[in-house]
Amino acid sequence: MSILRQGDLSITDHYDTVDKHLTLIINKQMTLGENNEITEALNERARENALRIFIFGLRRPLCSILFRHDQKTFLQD
């Protein structure tokens with residue numbers, strides 16, 4: 001997932017691509033996970049990584065503008 005970039009896609013299409021990969025990762029972890037606490041922690045980590053990947057994959061200058069802000073504000077939703 002870390003290689004995902006917006007390229008010629010719209011922001012919405014880029015988001016959908018990242019979200020699709022995130023969903024696949026979470027579904028895989030849910031099927032393999034027996035410990036709910038560990039699975040939930042892994043899922044939360046995957047969500048945080050997906051947000052970073054989404055922002056980093058945006059075309060410039062939007063990526064640069066978003067990375068200047070505190071990322072924790074994005075993760076509190």
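Heavy atoms only: backbone and side chains are in, while hydrogens, waters and symmetry mates are out.
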Sequence neighbours excluded, which residues qualify as side-chain hydrogen bond (donor to acceptor under 3.5 Å, both in side chains) partners of D19?
none
Distance (rounded to the nearest 0.5 Å) between Q29 CD and T39 OG1
7.5 Å
To the nearest 0.5 Å, tell me how far L4 CG sits from H14 NE2.
7.0 Å
Any side-chain heavy-atom pair of L58 and R5 under 4.5 Å:
no
Side-chain heavy-atom pair T17, Q6 within 4.5 angstrom cut-off
no
How long is the straight-line distance from CD of E44 back to CD of E48, given to the nearest 0.5 Å?
5.0 Å
Quick one: do M30 and L22 end up in the same hydrophobic cluster if we chain Ile, Leu, Val, Met, Phe, Trp and Tyr together by side-chain heavy atoms under 4.5 Å apart?
yes
Non-neighbouring partners of T12 that pass side-chain hydrogen bond (donor to acceptor under 3.5 Å, both in side chains), sequence neighbours left out
none
Under the side-chain contact (heavy atoms from CB on, under 4.5 Å) test, residues paired with N27 that sit two or more places apart:
T23
Which class fits the ring pair F54 and Y15: parallel under 30°, tilted 30 to 60°, perpendicular over 60°?
perpendicular
Please name all residues satisfying side-chain contact (heavy atoms from CB on, under 4.5 Å) with L24, sequence neighbours left out, ordered by chain then number.
none
side-chain hydrogen bond (donor to acceptor under 3.5 Å, both in side chains) filter on D16, not counting sequence neighbours, yields none
Decide side-chain contact (heavy atoms from CB on, under 4.5 Å) for K28 and I25; before the verdict, give the C-alpha distance in whole Å, the side-chain angles of both, and the deciding distance to 0.1 Å.
CA-CA 5 Å; K28 185 71 165 184; I25 290 168; 5.8 Å; no
Would you check if the side chain of R59 reaches a backbone N or O of G7 as a donor-acceptor pair within less than 3.5 Å?
yes
Should L51 and L9 be regarded as members of a common hydrophobic cluster, given that ILVMFWY residues are connected when their side-chain heavy atoms come within less than 4.5 Å of each other, either directly or indirectly?
no
Flag yes if more than 12 heavy atoms outside R45 fall under 6.0 Å of its CZ atom; otherwise flag no.
no
